[in-house]
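Only one structure is covered here, and it is reproduced in the block below.
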Amino acid sequence: MLKSYRTIEEVAGPLMFVRDVDGVSYNELGEIELENGEKRLCRVLEVNGRNALVQLFESSAGINLSNSKIKFTGKQMQLGVSTDMLGRVFDGLGRPVDSGPEIIPEMRLDVNGKPMNPAARSYPQEFIETGISAIDGLNTLVRGQKLPIFSASGLPHSELAAQIARQARVLGADEKFAVVFAAIGITFEEADYFVRSFKETGAIDRTVMFSNLANDPAMERIATPKMALTAAEYLAFEKDMHVLVILTDITNYADALREVSAAKKEVPGRRGYPGYMYTDLAAIYERAGRQKNKKGSITMIPILTMPEDDKTHPIPDLTGYITEGQIILSRELYRKGITPPIDVLPSLSRLKDKGIGEGKTRADHSDTMNQLFSSYARGKDSKELMVILGESALSDIDKLYAEFAERFEEEYVSQGSGVSRSIEETLDLGWKLLSILPRSELKRISDKLLDKYYHA
């Protein structure tokens, strides 16, 4: 029989102080019962002797200190998992919010997960097709990778996240693929957009969605990515599926961490964020990967909005240290009407070389990728010269490079949010654009491949 305590001494925002408790441990779940019988969940954040500091998952409104009681369950937060989760929408605490029935769990898993032994990891090396040329062709995503998208306020990262979730697939007829989509601290309109987008295209059938709204408590926001990754670990390592986890927006998660840290009166770090934010983010990102002797894999695309478009802000800065590259969205391209506005030159996938080539994508992928990067960079330089000196000051070859850069943005990078391109279509489009340039300029491509694919 669980013991109830009527020793709630203080409530401060999302935190509550309880005295004279026995045998309570860190991270243990508790249940607060109000005078009217209403129950609210909480979690132990700190234990000091016989005093406990707990954090509320829900609002503290209406808690009367003298008439409310609390009991501790002896368990940590768990998620009941089953393959029936596919096609369903849950809130940030794993409760169904789509009018469907409760999930009958096959097993219950601790949402904090188990650390993956580095020696048990397999190297990421199989290609994942997102249907987006600027990613598949130039900054390729591979199974088990962590590839964040750095966006900014007002840019269409939500549309890009939904597009990747709808279109992503692994090549191979017998491969089982699923998407776990966690929306963290979003508006009701955004949540509605994601659900409608997945339902209209049928992508909902292979998707598990967790939706945490902006008006939900900070504690639920902190729990949402852990719930999503617990579901992903079950599908990947128990059901042998290849799982793509999309987390949007990590900035809202970090802001919730800062809010709770401030309420606990902890010493702040950079920009007021807690000093442990690096380890906290690492504990989330490092749950992605592949394990030896396991067929499944977890690939992660965290999406974050950079406050004030600042890449040196603690959230993108720390994320860049932990993950394997970044896709950067450009405000300048967005103003030009390029969708998605991916700035390919500062973007980077550190594992792209491992997932491309013959038997994975196509033999010409590596050479054409290098040539496209080189030609686009020179084309941008030519366009800047044109602005400063005028078109007449450019040589004929510089004019061709300027034309290439313009068409590369309009035809290759820009494809709209409803268009999915196969890797073959992306590579063929690259060759079409490279044909603008004379063969003698394509120095990064072998003669064998030029003979086969180049058509001036």
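Keep in mind that the numbers below use all heavy atoms, side chains included, and drop hydrogens, waters and symmetry copies. Numbers here simply count residues along the sequence, with the first being 1.
Side-chain contact of Gln145 with Ser349: a donor-acceptor pair under 3.5 Å is present, judged by distance alone. Between the side chains of Ser297 and His242, a donor-acceptor pair is found at a separation under 3.5 Å. Neither side chain, Tyr453 nor Asp428, offers a donor N or O lying under 3.5 Å from an acceptor on the other. Looking at Ser375 and Tyr401, their side chains never bring a donor and an acceptor atom within 3.5 Å of each other. Residues Asp317 and Thr312 bring no donor and acceptor atom of their side chains to less than 3.5 Å of each other. Defined by atom type and a distance below 3.5 Å, a donor-acceptor pair is present between the side-chain atoms of Ser374 and Arg444. Glu266 and Ser261 form a side-chain donor-acceptor contact under 3.5 Å, judged by distance and modelled atom types alone. Side-chain contact check for Asn252 and Arg221: no donor-acceptor pair (N or O, by modelled atom type) lies under 3.5 Å. Between Arg169 and Thr130, the side chains place no donor N or O within less than 3.5 Å of an acceptor N or O (distance only, hydrogens not considered). A donor and an acceptor atom, one from each side chain of Thr426 and Arg421, are nowhere located under 3.5 Å apart.
The neighbour count for Lys226 NZ, taken as heavy atoms of other residues, nucleotides or ligands under 6.0 Å away, is above 12. Other residues, nucleotides and ligands contribute only 12 or fewer heavy atoms inside 6.0 Å of the CD atom of Glu391. Atom CD of Glu358 has 12 or fewer heavy atoms from other residues, nucleotides or ligands within 6.0 Å. For Lys311, the NZ atom counts as loosely surrounded, since its 6.0 Å shell holds 12 or fewer non-hydrogen atoms of other residues, nucleotides or ligands. Crowding of Leu389 atom CG: a count of heavy atoms from other residues, nucleotides or ligands under 6.0 Å exceeding 12. Within 6.0 Å of NZ in Lys336 there are more than 12 heavy atoms belonging to other residues, nucleotides or ligands. Around atom OH of Tyr276, more than 12 heavy atoms belonging to other residues, nucleotides or ligands sit under 6.0 Å away.
Looking at Met277 and Leu281, their side chains come closer than 4.5 Å, going by heavy atoms from C-beta outward. Here the side chains of Tyr285 and Met300 are in contact, with some heavy-atom distance below 4.5 Å. At least one side-chain heavy atom of Phe150 sits less than 4.5 Å from a side-chain heavy atom of Thr319. Counting heavy atoms from C-beta outward, Val245 and Arg287 have side chains that stay 4.5 Å or more apart. With contacts defined as side-chain heavy-atom distances shorter than 4.5 Å, the pair Val142/Ile128 does not qualify. Within the 4.5 Å cutoff, the side chain of Arg121 has heavy atoms near those of the Glu286 side chain. A heavy-atom distance below 4.5 Å is not found between the side chains of Phe194 and Ser211. Contact of the Leu442 side chain with the Leu450 side chain is registered, since non-hydrogen atoms from C-beta on lie closer than 4.5 Å.
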task: Would you check, one step at a time, whether the test salt bridge (charged side-chain N to carboxylate O under 4.0 Å, His left out) holds for Lys380 with Glu384?
output: CA-CA 6 Å; Lys380 286 193 78 172; Glu384 286 173 13; 5.9 Å; no
- prompt: Where do Glu126 and Lys360 land on the salt bridge (charged side-chain N to carboxylate O under 4.0 Å, His left out) test, with the steps shown first?
  reply: CA-CA 7 Å; Glu126 290 97 2; Lys360 294 178 181 177; over 6 Å; no
query: Between Arg43 and Glu28, does a salt bridge (charged side-chain N to carboxylate O under 4.0 Å, His left out) hold up when you go through it step by step?
result: CA-CA 6 Å; Arg43 186 187 70 162; Glu28 187 175 339; over 6 Å; no
- prompt: After noting the C-alpha distance and the side-chain angles of Asp367 and Arg362, does the key distance pass the salt bridge (charged side-chain N to carboxylate O under 4.0 Å, His left out) rule?
  reply: CA-CA 10 Å; Asp367 284 10; Arg362 209 166 73 182; over 6 Å; no
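The two residues Val243 and Leu235 have their closest heavy-atom pair at CG2-CB, 3.8 Å. The nearest pair of heavy atoms linking Leu449 to Ile445 is CB-CG2, 3.8 Å. In plain terms, the two heavy atoms of Arg88 and Ile103 that are nearest each other are NH1-CD1, 3.5 Å. The two residues Met116 and Ala288 make their nearest non-hydrogen contact at CE-O, 4.1 Å. Taking every heavy atom of both residues into account, Leu138 and Met369 meet most closely at O-SD, 3.7 Å. Of all non-hydrogen atoms in Ala405 and Lys383, the two that sit nearest each other are CB-CD, 3.9 Å.
Of the candidates Ile149, Leu329, Ile328, Ile342 forms a side chain to side chain contact (heavy atoms under 4.5 Å, CB included) with just one, namely Leu329.
Asp136 contributes a side-chain N or O that, together with a main-chain N or O of Gly131, makes up a donor-acceptor pair within less than 3.5 Å. In this structure, Asp91 contributes its side chain and Gly94 its backbone to a donor-acceptor pair below 3.5 Å.
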Could you go through residues 179-187 and list every donor-acceptor pair under 3.5 Å that involves a side-chain atom there, pairing it with any protein atom two or more places apart or in another chain?
{"from": "Thr187", "atom 1": "OG1", "to": "Glu190", "atom 2": "N", "distance (Å)": "3.2"}
{"from": "Thr187", "atom 1": "OG1", "to": "Glu190", "atom 2": "OE1", "distance (Å)": "3.3"}

